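Working notes, structure below.
All values reported here derive from a predicted model rather than from experimental measurement.
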Amino acid sequence: MATTLHVCTTCRGTAAAPLAEEAAPRPGELLAHALSALPVPEGVTVVPVECLSACTQGCAVALSGPGKWSYVYGRLDPRDADTILTGAAQFEAAEKGLIPWRERPEIFRKQCLARIPPQIVPSQE
């Protein structure tokens with residue numbers, strides 16, 4: 001199976017760490033660059049996107065894959081890039097995308113914004 005790690009490039013930061021200047025690179029863009037600078041786990045594709053609609057939650061990413069639950073995580077930072085990729089590798093390896101809670105990276109346990117069930121494809125009869 002293939003896992004997609006969507007990274008919001010338009011995230012502006014949180015109230016605790018607001019964007020310093022309008023012209024400065026957005027924290028979401030910095031996170032996307034940090035992820036692309038690291039080796040991406042086999043089976044995982046990093047896809048920058050313009051908005052995940054988690055604007056009040058700092059940097060956000062989403063994990064999805066065919067037949068798997070999808071997850072949206074927020075309150076992330078470019079310094080979390082390595083941990084995000086570790087979690088993406090676990091998601092890729094997990095049946096249905098369900099990683100046992102205690103085995104998830106801490107940011108995946110505490111910063112999950114949404115869990116979305118797999119899409120059901122109607123049978124062609």
Side-chain angles (χ1 to χ4, degrees):
M1 291 201 169
T3 292
T4 302
L5 173 61
H6 300 277
V7 185
C8 180
T9 59
T10 56
C11 286
R12 299 176 63 91
T14 63
L19 188 60
E21 298 177 28
E22 191 61 36
R26 293 183 180 212
E29 185 178 348
L30 296 174
L31 175 58
H33 287 300
L35 289 164
S36 66
L38 296 172
V40 177
E42 186 174 339
V44 176
T45 302
V46 178
V47 178
V49 296
E50 287 202 9
C51 186
L52 289 173
S53 288
C55 302
T56 62
Q57 298 296 320
C59 294
V61 301
L63 281 169
S64 62
K68 293 186 172 192
W69 285 80
S70 296
Y71 291 85
V72 180
Y73 299 99
R75 300 181 305 280
L76 301 170
D77 183 277
R79 294 172 294 198
D80 296 321
D82 192 50
T83 304
I84 292 167
L85 291 174
T86 297
Q90 289 177 309
F91 178 86
E92 168 62 20
E95 184 179 350
K96 298 182 183 179
L98 300 173
I99 306 164
W101 191 84
R102 292 185 188 276
E103 295 176 22
R104 297 175 194 171
E106 184 175 359
I107 60 174
F108 281 17
R109 290 193 309 260
K110 296 187 175 189
Q111 294 164 223
C112 183
L113 304 179
R115 184 175 108 145
I116 304 155
Q119 185 175 19
I120 298 172
V121 179
S123 63
Q124 302 287 332
E125 293 184 29

Original post:
Going by the angle between their ring planes, with limits at 30° and 60°, are Tyr71 and Phe91 parallel, tilted or perpendicular?
Top reply: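 Rings of Tyr71 and Phe91: perpendicular, as their planes differ by over 60°.
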Subject >> Cluster link Trp69 to Leu5, ILVMFWY, side chain under 4.5 Å >> reply: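 Per the 4.5 Å side-chain linkage, Trp69 and Leu5 are co-clustered.
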**OP:** State plainly whether one hydrophobic cluster holds both Leu38 and Phe108, where clusters connect Ile, Leu, Val, Met, Phe, Trp and Tyr through side-chain heavy atoms under 4.5 angstrom apart.
**Re:**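 Leu38 and Phe108: one cluster.
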Original post:
Among pairs that include at least one residue of residues 28-50, which meet salt bridge (Lys or Arg N to Asp or Glu O under 4.0 Å), considering only residues two or more places apart or in two chains?
Top reply: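 Of all non-adjacent pairs touching residues 28-50, none passes salt bridge (Lys or Arg N to Asp or Glu O under 4.0 Å).
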Where is the tightest heavy-atom contact between [X] and [Y], given as atom of each residue plus distance?
{"X": "Pro27", "Y": "Pro78", "answer": "O-CG, 3.9 Å"}
{"X": "Cys11", "Y": "Gly58", "answer": "SG-O, 3.3 Å"}
{"X": "Pro66", "Y": "Ala2", "answer": "CD-O, 3.1 Å"}

Pairwise distance [atom1]([X]) to [atom2]([Y]) - rounded to 0.5 angstrom:
{"X": "Leu98", "Y": "Glu103", "atom1": "CG", "atom2": "CD", "result": "12.0 Å"}
{"X": "Cys8", "Y": "Leu52", "atom1": "SG", "atom2": "CG", "result": "5.0 Å"}
{"X": "Thr83", "Y": "Ile107", "atom1": "OG1", "atom2": "CD1", "result": "5.0 Å"}

Original post:
Taking Lys68 for the side chain and Leu63 for the main chain, is one N or O donor matched with an acceptor at less than 3.5 Å?
Top reply: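 Not at all, since once roles are kept as given, no pair shorter than 3.5 Å links the two residues.
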Original post:
So, Gln57 side chain and Leu113 main chain: donor-acceptor pair closer than 3.5 Å or not?
Top reply: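 Looks like no, no N/O pair under 3.5 Å.
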**OP:** Name all pairs fulfilling the side chain to side chain donor-acceptor pair (under 3.5 Å) condition that reach into residues 108-117, sequence neighbours left out, sorted by first residue then second.
**Re:**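 Every pair satisfying side chain to side chain donor-acceptor pair (under 3.5 Å) with a residue in residues 108-117: Glu106-Lys110.
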Original post:
Of Val72, Val49, Val61, which is the lone residue that meets side-chain contact (heavy atoms from CB on, under 4.5 Å) with His6?
Top reply: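 It is Val49; the other options fail the test.
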Subject >> Side-chain touch Leu31/Ile84, heavy atoms, less than 4.5 angstrom >> reply: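 In contact.
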**OP:** State, yes or no, whether a side-chain contact exists between Thr10 and Arg26 at a heavy-atom distance under 4.5 Å.
**Re:**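 Heavy-atom side-chain distance check passes, below 4.5 Å.
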**OP:** List the steps and the verdict of side-chain contact (heavy atoms from CB on, under 4.5 Å) for Leu85 and Leu35.
**Re:** CA-CA 8 Å; Leu85 291 174; Leu35 289 164; 3.7 Å; yes
